[in-house]
Structure formats: structure tokens, C-alpha cells
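For reference, the structure is listed below as C-alpha cells.
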Amino acid sequence: MNEELKIEYIDTNLLMHYSSNSKIHTREQIEHIANSIREFGFNDPLGIAGKNNVVLEGNGRVEAAKMLGIKKLPCVRLDHLTTEEQQAYVIAHNSTNLETGFDDGILYKELKKLQNFDFTDFGIDIDKYLKTCVRVQRRLLKPIEKVHYLISLDINKNDQMLKIINDIKKIEGVEIESTSN
């Protein structure tokens with residue numbers, strides 16, 4: 001592990017695209033990145049390696065910066081990694097943020113606080129996110145009334161019924177009450 005990364009500013013024309021980058025950057029995504037940089041600044045240094053300043057991570061940001069006419073970009077050198085480690089890092093860096101989504105509860109609360117902020121220039125469809133948070137909205141609103149369903153199960157199919165009951169128990173907000181006659 002490199003203990004001390006140093007930021008250096010390098011002319012965008014001296015940065016070389018990593019030719020084996022498997023991450024796809026569409027024109028639309030680069031425009032969204034450019035809009036984000038315009039709004040918030042260039043706050044995330046690029047990871048580069050070698051005397052040719054090969055961009056291992058941040059190729060989309062480089063294209064967005066060029067679109068904005070930014071002449072120098074903050075970079076950290078990843079020369080402490082072997083060639084194999086650099087290649088693996090490119091894949092790991094681009095994939096680790098794809099492993100998870102959002103915490104719907106926190107996302108819902110944050111979006112409600114930011115309801116006057118326009119995210120469209122960054123390619124973020126707030127309505128889509130809010131719709132995916134419907135479960136959270138229902139949980140946060142905590143309805144006063146509960147709906148009760150009576151389901152009769154054939155005890156002769158005990159194993160199948162137990163599986164169904166266990167699956168139903170996993171559904172948020174479901175309570176199971178059992179009685180036998």
C-alpha cells in the first residue's frame with residue numbers, strides 16, 4: 001500500500017487514455033460528468049501511471065474536462081502498482097461502485113431535503129428514485145390501519161406451507177399470526 005499519495009496537476013494534453021479500459025463512457029454520460037464538474041468543481045484526482053501519464057481511472061472525467069476547456073487536472077501516480085496490479089485496479093475501480101445500490105430510506109430523506117435542487121443535468125431522474133422508494137415512503141408514513149388477511153393452509157402439506165410462511169415473513173410489514181382449530 002502506498003502510504004502517501006501526492007496530487008500533481010498535469011496538462012490534459014499530456015494525459016493518455018488507457019486503451020484497454022473496459023468501462024463504457026457514452027457521450028451523454030460525459031456531458032453529465034461535465035455538468036457535475038461545472039456545478040461542483042473537479043474534486044476527484046485521476047489515477048495515472050507511467051511516463052506517458054496513462055489514465056487508469058478517470059477517463060470519463062478527462063473527456064468531460066476537455067469538453068469544459070480545463071487545461072490541467074489533479075492526478076495521483078499509481079506507479080507503485082505493478083503492471084498486472086494496474087490492469088486489475090482499472091477493473092476493480094470501475095466495478096466496485098456497481099456492487100450496491102442506495103439505502104432507500106436515506107436516499108428518500110435526502111431527496112426530500114433537496115427537492116428544489118435540479119439533478120437533471122447530471123442524468124439523475126429524481127422521480128425514478130422517488131418511485132423506487134415507495135416502500136420507504138409507506139414505512140415512513142406508518143399507516144394507522146392494518147389490513148388483515150385470513151389464509152387457510154392444508155396442514156397435510158406442512159413442508160410446503162412452512163416454506164410459504166417463511167417467504168411471507170420476509171416481506172416488510174407482514175406479521176403472521178397462527179391459530180389451529
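Because the structure is predicted, anything quoted here is derived from the model rather than measured.
Summarising the hydrophobic clusters (Ile, Leu, Val, Met, Phe, Trp, Tyr; side-chain heavy atoms under 4.5 Å, direct or chained), the residues clustered with Ile30 are Met67.
In this structure, Leu5 is a member of the same hydrophobic cluster as Tyr9, with clusters built from ILVMFWY side-chain heavy atoms closer than 4.5 Å. By the criterion of side-chain heavy atoms lying less than 4.5 angstrom apart, applied directly or through intervening Ile, Leu, Val, Met, Phe, Trp or Tyr residues, Ile124 is grouped together with Leu111 in one hydrophobic cluster.
Expressed to the nearest 0.5 Å, how far CG of Asn59 lies from OG of Ser19 amounts to 10.0 Å. Here the straight-line distance linking atom CZ of Arg38 with atom CD of Glu31 works out to 9.5 Å at 0.5 Å rounding. Atom CZ of residue Arg61 and atom CG of residue Leu73 lie 9.0 Å apart, to the nearest 0.5 angstrom. Separating the CG atom in Leu78 from the OH atom in Tyr89 is a distance of 5.5 Å, to the nearest 0.5 Å. With values rounded to the nearest 0.5 angstrom, Lys66 atom NZ is found 5.0 Å from Glu63 atom CD. The structure places NE2 of His80 at 12.5 Å from CD of Glu4, a figure rounded to the nearest 0.5 Å.
Scored by the side chain to side chain contact (heavy atoms under 4.5 Å, CB included) test, Asn53 finds Ile10, Leu14, Leu15, Ile48, Arg77 as partners (sequence neighbours excluded). Listed by chain and number, the residues in a ring pair (Phe, Tyr, Trp, His ring centres under 6.0 Å) with Phe40 are Phe122 (sequence neighbours excluded).
Minimum heavy-atom separation, Pro45 to Val76: CB-CG1, 4.2 Å. Scanning all heavy atoms of the two residues, the minimum distance from Asn35 to Asp121 falls at ND2-O, 2.6 Å. When all heavy atoms are compared, the tightest approach of Ile33 to Ala64 is CG2-CB, 3.5 Å. Smallest separation of non-hydrogen atoms from Gln86 and Ala49: NE2-CB, 3.4 Å.
In terms of modelled atom types and a separation under 3.5 Å, the side chain of Thr96 and the main chain of Ala92 share a donor-acceptor contact. Asp11 contributes no side-chain N or O that, together with a main-chain N or O of Lys72, makes up a donor-acceptor pair within less than 3.5 Å. Distance alone, capped at 3.5 Å, places no donor-acceptor pair between the Asn52 side chain and the Val54 backbone.
Looking at heavy atoms from C-beta onward, Asn21 lies out of side-chain contact with Val55 at the 4.5 angstrom threshold. Counting only heavy atoms from C-beta outward, the side chains of His17 and Val62 never approach each other to under 4.5 Å. Side-chain contact check for Gln87 versus Tyr18: some heavy-atom pair is nearer than 4.5 Å. No side-chain heavy atom of Leu68 sits under 4.5 Å from any side-chain heavy atom of Phe42.
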